[in-house]
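One structure is given here, and the rest of the page talks about it.
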Amino acid sequence: MELETRYDPHAHEGDVYERWMQAGAFTPAKEAPEGADPFVIMIPPPNVTGVLHMGHALNGTLQDVLVRFHRMRGRDALWVPGTDHAGIATQAVVEKKLFAEERKTRQELGREAFVERVWDWKEEHGNKILEQFRRLGSSCDWTRTRFTLEPDMSRAVREAFVTLWERDLIYRGARIVHWDCVLQTAVSDDEVEMVERKSKLYYLKYPVKDAAGEQVTVATTRPETMLGDTGVAVNPSDERYGALVGKTLVLPFLDREIPIVADDSVDASFGTGAVKVTPGHDPADYERGARHGLPVLNVLNRDGTLNEEAGPFAGKSREQARKEVCEGLEELGLLEKVEDYVHNVPISDRSKSPIEPLVSEQWFVKMEPLAQPAIQAVKTGALTIRPERWTKVYLDWLENVQDWCISRQLWWGHRVPVWYDEDGVPFASREDVEIGSPHPKTGKPIVRQDEDVLDTWASSWLWPFATLGWPDKTPDLERFYPTQFLSTAREIIYLWVARMVMAGYALLDHLPEEKRCPFSTCYIHATVLDAKGKRMSKSAGNGIDPLDLIEQYGADAVRLSLVLLTREGQDVKLAPDRMEMGRRFTNKIWNAARFVMQNLEGERTEVGAGTPTLLEDRWILSRLARTTAEVTEALEGFRFNDGATALYKFVWNDFCDWYLELVKSRLGEGDSDSAKTARGTLALVLETSLKLLHPFTPFQSEVLYGALRERLGASNGEMLVRAAWPAGERLAVDEAAEADLDVVRELVGAVRSIRALTMVADRMPLAALVIAPSAETRRVLDECHERARALAFLSQLEVAEAGERPPASAVGVASGMEVFVSLGDGVDLEKLKETLERRVAKLEKGTAGAEGKLANKGFVERADPDVVQAERDRLEEMQGELELLRRNLSGL
RNA sequence: GGGCCAUUAGCUCAGCUGGCUAGAGCGCUACGUUGACAUCGUAGAGGUCAGUGGUUCGAGUCCACUAUGGCCCACCA
């Protein structure tokens with residue numbers, strides 16, 4: 001196969017993915033390999049309505065890197081994909097479409113027909129996001145794709161519901177809930193966002209009963225809710241109102257008599273110190289009302305208009321009522337004043353409309369008992385959350401957990417599996433119940449099923465095991481549960497992560513305690529921000545579409561860039577051009593591979609032929625061994641960035657910059673042992689590098705691996721995706737080789753520095769460069785000088801015997817070697833002098849620091865002996881260089 | 001009102017449990033290559049590591065406070 005000079009991702013990605021699919025490369029073998037531990041990830045199911053955003057792209061990359069890594073390491077690897085039915089979001093999308101296209105509301109269509117429409121929509125559009133995950137290269141087992149509303153999931157959801165019901169952990173209650181007046185459903189605490197809004201603070205006067213002219217002023221932001229007031233509260237220690245507690249007020253408009261009560265929760269310093277109590281429409285008031293036995297009055301309809309309880313204001317919208325209430329009070333002389341006021345208003349995440357706290361009948365799950373094991377999970381280490389600081393967030397929520405309102409007044413979702421008899425006595429059932437059949441307890445006929453559906457999270461909290469077939473004890477459940485890794489966004493630590501842990505402990509009671517936690521590591525990935533550090537959002541229009549990036553740079557470059565840019569626990573600011581890093585690197589790999597393969601023409605069948613004895617061969621193999629260990633350790637510890645960085649440095653700075661250059665002249669030697677070894681080493685290093693790269697750049701590494709095997713004549717169609725992770729006897733760290741090559745690099749560097757100094761002085765090239773090596777370094781030079789010649793800058797180098805000291809204008813030192821430079825004519829001595837002086841100053845500072853350190857007893861006695869020795873060596877070196885530079889300076 | 005996170009080169013960021021003369025990529029400058037690489041290589045300029053105090057033989061790294069920016073939680077009507 002001919003490789004183009006520039007890597008073109010689009011020429012390969014589609015084909016490669018297709019080959020993986022045809023080979024079933026992502027589906028675990030029927031039987032788990034002997035002795036292989038599972039490595040399982042459940043994808044956080046994206047909404048079916050969703051399109052891939054940068055957060056998905058990052059998260060998908062991280063999960064894929066790990067799954068591919070562990071698959072290659074021989075673990076029984078599985079990554080289960082799927083989507084979430086996302087009750088409110090999906091229903092809203094379809095409702096909107098229905099109205100736009102047919103001018104119909106869901107009510108006009110009817111429940112059954114509407115749900116049918118949603119399914120139609122799902123079949124048509126619901127796979128989009130999973131397709132996009134494929135573009136990214138995700139190696140999910142697509143044969144196991146799940147959907148949170150499919151029939152098997154319904155069984156799981158019912159099993160969970162009924163189990164909790166039987167344990168008395170589910171109850172129906174009138175509670176104040178967050179009501180979304182647009183979507184006309186209850187939403188959970190976690191779906192509410194507090195948004196700062198400018199508004200007014202109204203001071204209302206309520207007359208005291210039987211006390212002509214006496215009034216109490218309350219401050220409120222919601223004057224229209226005064227119609228639902230059933231009391232006024234003051235702080236018991238507030239002297240202003242002491243005498244009034246126990247007296248009665250008369251509510252304007254309605255003439256309702258309401259008591260003044262004393263309650264600690266009232267802040268005497270806010271407003272007037274007196275607060276109206278509206279238990280039906282304010283969570284805090286609900287609590288206060290309950291403490292004082294005040295009645296709960298609901299003055300709102302489900303759409304947010306006022307109901308008949310509101311007397312003259314019935315039927316008005318909230319906004320209209322507010323206006324009219326104020327006007328009315330004004331007329332009555334009961335509006336004291338209105339102030340500007342900024343406060344936080346609860347807004348529904350889903351409809352973006354203001355939440356109305358409303359008392360209504362809902363289903364709740366008692367959370368406290370479920371929370372205990374989830375708290376224990378992190379305390380015992382069964383669950384590790386990374387970065388660690390999120391543990392506290394997780395625990396804080398669990399330790400103060402509120403009961404979970406699980407009913408939603410929607411149609412798209414799992415219907416609450418509760419049926420009622422004619423007296424309204426409920427019971428929960430795993431099976432559908434026929435209308436008319438007898439209630440198992442009361443014996444009376446069943447008349448209806450509960451109309452509500454369950455919160456979406458009431459299915460997704462079962463995800464880690466419902467995807468494996470639970471409640472049946474399937475082979476998959478046995479083999480793949482619990483999972484090892486969950487990677488998700490911080491926003492859903494409460495909504496999802498904590499609840500999955502609870503569900504695992506509560507519902508998988510056939511398993512021993514230590515196997516119930518659904519995942520052992522929960523990784524909270526970075527948030528992807530825009531270039532200015534703002535959150536990407538549709539409404540702000542600052543989002544970057546990952547598919548555009550893939551289109552432009554290729555999936556591998558995007559994956560690599562994301563991993564290189566993201567360090568654990570730190571958000572990442574992203575601009576499209578940051579993908580350049582990945583693009584350049586993938587192009588570099590491509591060309592290095594091309595070069596290697598061009599030199600492997602012919603009959604070679606064995607990778608890594610010959611025993612390397614030459615320094616550079618030993619060196620690169622040692623570096624390869626070290627890099628292999630680094631990448632392996634990094635990925636085992638979920639340090640993605642470290643792994644990618646180690647590879648980047650190895651491939652680019654060691655392999656391409658040095659090894660390929662050093663080996664070029666040998667490659668022309670035909671059949672010499674030296675040439676053979678070079679070719680073998682090249683092939684081995686390339687092949688191993690491709691394996692290490694595969695988790696990060698799966699497409700490109702697969703293409704190059706195929707090409708390499710073909711070139712070696714060793715191809716039998718095997719794919720890199722299933723290759724074994726590098727390990728073994730050929731890869732050992734050779735410290736001597738690394739140290740020796742460091743000397744060479746340093747030497748070359750020193751020559752370049754001296755040369756650069758003169759070039760700074762004037763662009764004149766050097767008249768001559770002479771090196772007088774010590775006996776020790778001479779050995780190393782002899783070994784590699786010929787190869788080093790291949791480097792352009794070394795072609796000017798002449799090696800002299802020690803002791804032959806040529807006249808020099810500048811002298812440098814490197815690894816015990818003196819480097820003499822004689823300057824050509826026309827050098828700007830002033831500039832050279834300046835440069836040298838700066839260098840001297842820097843060195844003086846350095847030596848002073850080192851001397852101080854070594855003069856310090858504490859350091860010498862307590863520090864690691866190696867560190868002290870290194871410090872001495874460093875000082876000596878600096879002193880030597882300093883001395884030479886001073887000599888240079890005085891000679892100028 | 002609590003809590004968390006950041007602040008290191010012009011830009012984006014690395015610097016793990018305190019210990020080489022504080023690094024990388026991009027950008028900039030110079031030179032060299034253009035027979036693996038519509039490039040690549042080498043070198044250079046550029047930093048009082050936000051500020052103040054403390055612990056220590058030694059602090060970018062640990063502690064306290066301050067400043068700036070960002071995020072999360074919370075029933076102040």
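Letters A, B, ... are given to chains in the order of the sequence lines, protein chains preceding strands, and every chain is numbered from 1.
- Base orientation of B:A30: anti, since the glycosidic angle falls outside 90° of 0.
- Partners of A:Phe650 by ring pair (Phe, Tyr, Trp, His ring centres under 6.0 Å), not counting sequence neighbours: none found.
- Taking atom CZ of residue A:Phe595 and atom C1' of nucleotide B:G35, one finds them 10 Å apart after rounding to whole Å.
- Residues A:Tyr206 and A:Leu249 approach most closely at O-CD2, 3.9 Å, considering heavy atoms.
- In terms of position along RNA chain B, the nucleotide closest to A:Asn587 lies nearer the 5' end than the nucleotide closest to the other residue of the pair A:Gly273 and A:Asn587.
- Going from the C1' atom of B:G18 to that of B:U56 covers 9 Å, rounded to whole Å.
- Whole-Å rounding puts the A:Lys649 NZ to B:G23 C1' distance at 8 Å.
- Across the protein-nucleic acid pair, A:Asp396 atom CG and B:G2 atom C1' stand 10 Å apart, rounded to whole Å.
- The two atoms that bring A:Pro223 and A:Cys326 nearest to each other are CG-SG, 3.9 Å, heavy atoms only.
- Spacing between atom OH of A:Tyr494 and atom P of B:C4 amounts to 13 Å, rounded to whole angstrom units.
- One interatomic measurement links the two molecules: OH of A:Tyr286 to C1' of B:C75, which rounds to 14 Å at whole-angstrom precision.
- A:Asp263 pairs by the side chain to side chain contact (heavy atoms under 4.5 Å, CB included) definition with A:Ala233, A:Ser265, A:Val266, A:Arg288, A:Arg291, A:His292, not counting sequence neighbours.
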Salt bridge (Lys or Arg N to Asp or Glu O under 4.0 Å) between A:Arg578 and A:Glu580, intermediate numbers included | CA-CA 5 Å; A:Arg578 316 237 72 209; A:Glu580 278 297 325; over 6 Å; no
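- In the set B:A36, B:U42, B:A77, B:U42 carries the atom at the smallest distance from any side-chain atom of A:Asp657.
- Nearer the 5' end of RNA chain B, as judged by each residue's closest nucleotide, is the contact made by A:Leu660, out of A:Arg288 and A:Leu660.
- Separation of the C1' atoms belonging to B:C72 and B:U55 is 32 Å when rounded to the nearest angstrom.
- Rounded to whole Å, the P atom of B:G60 lies 14 Å from the corresponding atom of B:G53.
- Evaluation of the side chain to side chain contact (heavy atoms under 4.5 Å, CB included) rule for A:Glu636 yields A:Phe69, A:Arg73, A:Thr632 as partners, not counting sequence neighbours.
- Listed candidates were B:U39, B:C37, B:G25. Nearest to the side chain of A:Met581 is B:G25.
- For A:Asp571 and A:Arg490, the salt-bridge test passes: some basic side-chain N is under 4.0 Å from an acidic carboxylate O.
- Across all strands, A:Arg584 comes closer than 4.0 Å only to sugar-phosphate atoms, never to a base (heavy-atom distances).
- At a threshold of 4.0 angstrom between heavy atoms, the contacts of A:Thr5 include nucleobase atoms, whether or not backbone atoms are also involved.
- Residue A:Arg389 has its side chain nearest to B:C4 when only B:C4, B:A36, B:U39 are considered.
- A gap of 32 Å separates the C1' atoms of B:U33 and B:G47, to the nearest Å.
- Look at A:Glu356 and A:Arg318 and you find a salt bridge, because one of the NZ, NE, NH1 or NH2 atoms lies within 4.0 Å of a carboxylate O, short of that distance.
- Listed by chain and residue number, nothing satisfies the ring pair (Phe, Tyr, Trp, His ring centres under 6.0 Å) test with A:Tyr553 (two or more places apart in sequence, or in another chain).
- Atom-to-atom, CD1 of A:Ile493 to C1' of B:C71 comes out at 12 Å; the value is rounded to the nearest Å.
- Taking atom CH2 of A:Trp658 as the reference point, atom C1' of B:G41 lies 11 Å away to the nearest angstrom.
- Nearest to the side-chain atoms of A:Tyr648 among the listed nucleotides B:G25, B:A77, B:A36 stands B:G25.
- A 4.5 Å side-chain heavy-atom check between A:Phe655 and A:Leu660 finds at least one atom pair inside the cut-off.
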Show the numbers, then the answer: is there a ring-ring contact (aromatic ring centres under 6.0 Å, His included) between A:Tyr648 and A:Phe696?
-> CA-CA 11 Å; A:Tyr648 186 95; A:Phe696 301 96; over 10 Å; no
List the protein contact pattern of nucleotides 7-13 of chain B with one symbol per nucleotide (5' to 3'): B for base contact, S for sugar-phosphate-only contact, - for none; contact means a heavy-atom distance under 4.0 Å.
-> -----BS
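- Atoms CH2 (A:Trp652) and P (B:U39) sit 11 Å apart, rounded to a whole Å.
- Here the separation of B:C49 from B:C5, taken at their P atoms, is 23 Å to the nearest Å.
- With a 3.5 Å limit on both pairing distances and Watson-Crick or G-U wobble geometry required, the stems of 3 or more pairs in RNA chain B span B:1-7 with B:67-73, B:10-13 with B:23-26, B:28-32 with B:40-44, B:50-54 with B:62-66.
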